[in-house]
Amino acid sequence: MKLNYLIKGLPGHPIHPPLTDATIGTYTVATALAIADVTGLSKNAAAAGWWLALLFGLCVTVATALTGLVDWLSITWRSPLWWTATWHMMVMVSATVFFGLAAIFGHAGWKTGDVTTGPFILTVVGFGLLAVGGWIGGSIVFVHGMRVLGLVDEPPERAVAPVAHPEKEEAAA
């Protein structure tokens, strides 16, 4: 097994995309809980869940960002794909900053069971940036085709198997 499989994943099975699912899902839950608290649908439980979800999201973001950075470093400098990936990275870092600020400034509210105005706005802005960044990230795969093997006739049991596809490894590099 190649060492870079540990950080990049196998050809056809990159690590960054599933980590983005976890990150986006966690921040989506945090935003929904913030909305539930601010609108009065829930009180203390929503505020506690919001802040804990932000913290978990920030932790997962570390692995997500590192694997994304490794992928970004492999892209040809100043190519159209590089520009798209660079915009994706900048927007996602911006979203992370807003979520981080929401967690910092929301700590006092978390202790009293309340999502206050400032942290709520930071969370919603972070979520908006997250959505835009996810859209741009999707274009890296679905428009530019980064790390896509294109084996449309691959049998399902082989397509989902956690093994390298040596015949297409060069294309995914």
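It should be emphasised that the depicted structure is a prediction, and the values quoted were computed from it without experimental measurement. Worth knowing before you read on, the calculation uses all heavy atoms, side chains too, and leaves out hydrogens, waters and symmetry mates.
- Minimum heavy-atom separation, Ser42 to Ala45: OG-CB, 4.1 Å.
- No more than 12 heavy atoms of other residues, nucleotides or ligands shown are found within 6.0 angstrom of CH2 on Trp87.
- Side-chain atoms of Phe99 and Leu122, non-hydrogen and from C-beta on, never get closer than 4.5 Å to each other.
- For the salt bridge (Lys or Arg N to Asp or Glu O under 4.0 Å) test, no residue two or more places apart in sequence or in another chain qualifies with Asp114.
- Each side chain to side chain donor-acceptor pair (under 3.5 Å) pair with one or both residues in residues 27-39, not counting sequence neighbours, appears once here: Tyr27-Thr61.
- Scanning for side-chain hydrogen bond (donor to acceptor under 3.5 Å, both in side chains) contacts around Thr23 gives Thr64, with sequence neighbours left out.
- Note that the OG1 atom of Thr67 and the CD1 atom of Ile15 stand 7.0 Å from one another [nearest 0.5 Å].
- Looking at Trp50 and Val29, their side chains never come closer than 4.5 Å, going by heavy atoms from C-beta outward.
- Listed by first then second residue, pairs satisfying salt bridge (charged side-chain N to carboxylate O under 4.0 Å, His left out) with a partner in residues 69-88 read Asp71-Arg147, not counting sequence neighbours.
- Within the model, atoms CG of Leu69 and OG of Ser74 stand 10.0 Å from one another, a figure rounded to the nearest 0.5 Å.
- In terms of hydrophobic clustering, with Ile, Leu, Val, Met, Phe, Trp and Tyr side chains grouped at heavy-atom distances under 4.5 Å, Leu19 and Leu130 are assigned to different clusters.
- Listed by first and then second residue, the ring-ring contact (aromatic ring centres under 6.0 Å, His included) pairs that reach into residues 121-163 come to none, sequence neighbours excluded.
- Residue Met90 is not grouped with residue Val143 when hydrophobic side chains (ILVMFWY) are merged at heavy-atom distances under 4.5 angstrom, including chains of intermediate members.
- Every pair tested for salt bridge (charged side-chain N to carboxylate O under 4.0 Å, His left out) that includes a residue from residues 52-62 fails, sequence neighbours excluded, so the list is empty.
- Proximity of a side-chain donor or acceptor of Ser79 to a complementary backbone N or O of Ile75 within less than 3.5 Å is not detected.
- By the rule that hydrophobic residues join a cluster once side-chain heavy atoms approach within less than 4.5 Å of another member, Phe56 and Trp51 end up as members of separate clusters.
- With His13 contributing its side chain and Ala161 its backbone, the two residues share a donor-acceptor pair below 3.5 Å.
- Annotation: side chain of Ser139 is not in contact with side chain of His88 (no heavy-atom distance under 4.5 Å).
- Contact annotation: the side chain of Leu81 approaches that of Ile140 to within less than 4.5 Å [non-hydrogen atoms, C-beta and beyond].
- Between Trp110 and Pro119, the closest side-chain pair of non-hydrogen atoms is not below 4.5 Å.
- Checking Leu129, Leu58, Val91, Val62 one by one against Thr96, the side-chain contact (heavy atoms from CB on, under 4.5 Å) holds for a single residue, Leu58.
- Under the 4.5 Å side-chain criterion, counting only non-hydrogen atoms from C-beta, Leu149 is not in contact with Glu154.
- The two residues Thr26 and Ala53 come nearest to each other via the heavy atoms CG2-O, 3.1 Å.
- Separation of atoms OG1 (Thr123) and CG (Leu101) is listed at 10.0 Å; rounding is to 0.5 Å.
- Trp77 and Trp82 have tilted rings, their planes meeting at an angle from 30° to 60° on a 0 to 90° scale.
- Between Thr84 atom OG1 and Ile136 atom CD1 the span is 8.0 Å, to the nearest 0.5 Å.
- Hydrophobic clustering of Ile, Leu, Val, Met, Phe, Trp and Tyr side chains at less than 4.5 Å, counting indirect connections, unites Val97 with Phe105.
- No single ILVMFWY cluster, assembled from side-chain heavy atoms under 4.5 Å apart, contains both Trp72 and Val148.
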